[in-house]
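First the structure, in the form of structure tokens, and then the observations on it.
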Amino acid sequence: MKFFIDTANVEAIKKAYKVGILSGVTTNPSLVAKEGVKFEERIEEILQAVPSVESVSAEVTPDAVTAEEMIAQANELIKINNYDKNITIKLPMTLEGLEACRYLADKGVKTNVTLIFTVNQALLAARAGATYVSPFLGRLDDISEDGVQLVSKVAELFRIHNLDAQIIAASVRHPDHVTRVAMAGAHIATVPFAVIEQIAKHPLTDQGIAKFAADWKGSSR
Ligand code: E4P
């Protein structure tokens, strides 16, 4: 399973990129709004910060409702990346979003269909040519459903029918989500930087480092 970072904060993106574990970035209108910056400018900054990742998801804004409006926005976003391949147009899971997805996929543009909450939605997105589909596990857990189970079922469905779309486990809230979606067959987990920090840590690792340091200091060498 690959890691994407789920944020529009450039400092967090740079930190994760430097560690060398990052394959992509996802953003959404809420994450960009939190930064208080201009959307297109932030996408450009992100693209410059992570030149070698496979995908940077830029989501069409909520005022693009029809497929035509989404495609028009996508065409502007693609220009920011100078038509390079790593910009990915993130589209909502609606019939209009699917129509835009099919259009863009046929033009060779990467797409990420977002806000997926059922297996059927994932199947539709894959059939519309989505490069990535994003089931939101945390938000399902929030309403007492099982987000990891959704990821597991989508992975099984894609295996059975040889569908190429990659599953991005999204709305990942804690380390256990990461382990469980990796075991469930997600191709990618998109995670906040705080979760990357959490999964890198273990108290026994810290204790071990402290003990090595203490023993090293006390030895005669
Ligand atoms: C993914 O692409 C979304 O940006 C994100 O994972 C949503 O997470 P949330 O449910 O924690 O807002």
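Ligands are counted one by one from 1 in listed order, and the atoms in each one are counted from 1 as well.
- Polar contact check, Asp6 against ligand 1: a nitrogen or oxygen pair lies under 3.5 Å apart.
- Under 3.5 Å, the side chains of Asn9 and Thr7 contain no donor-acceptor pair of N or O atoms.
- Under the rule for a salt bridge (Lys or Arg N to Asp or Glu O under 4.0 Å), Glu99 has no partner lying at least two apart in sequence or in another chain.
- In this structure, Glu59 does not count as a contact residue of ligand 1, since none of its heavy atoms falls inside 4.0 Å of the ligand.
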**Request:** Apply side-chain hydrogen bond (donor to acceptor under 3.5 Å, both in side chains) to Thr131 and Gln166, showing your working.
**Result:** CA-CA 6 Å; Thr131 317; Gln166 294 192 59; over 6 Å; no
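- Annotation: atom 7 (C) of ligand 1 to nearest protein heavy atom, Phe136 CE2, 3.6 Å.
- Electrostatic pairing of Glu40 and Arg42 does not count as a salt bridge here, judged by no charged N lying under 4.0 Å from a carboxylate O.
- Considering backbone and side-chain atoms together, Thr114 places no N or O closer than 3.5 Å to any N or O of ligand 1.
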Enumerate donor-acceptor pairs with a distance under 3.5 Å from any side-chain N or O in residues 193-207 to protein atoms, sequence neighbours excluded.
residue	atom	partner	partner atom	Å
His202	ND1	Leu204	N	3.0

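- Ion pairing of Glu54 with Lys110 is absent here, as no side-chain N (NZ or NE/NH1/NH2) approaches a carboxylate O to less than 4.0 Å.
- Using a 4.0 Å cut-off to heavy atoms of Arg139, the atoms of ligand 1 that qualify are 7 (C), 9 (P), 10 (O), 12 (O).
- Atom 2 (O) of ligand 1 has Lys90 NZ, 2.6 Å as its closest protein atom, hydrogens excluded (heavy atom only).
- Counting heavy atoms closer than 4.0 Å to ligand 1, residue Ser171 contributes atoms from both its backbone and its side chain.
- Nearest protein heavy-atom neighbour of atom 11 (O) of ligand 1: Arg173 NE, 3.1 Å.
- The one candidate from Thr88, Thr190, Asn112, Thr26 that meets the side chain to side chain donor-acceptor pair (under 3.5 Å) condition with Ser57 is Asn112.
- Looking at Thr26, Thr190, Asn28, Thr27 and measuring to atom 4 (O) of ligand 1, the nearest heavy atom belongs to Asn28.
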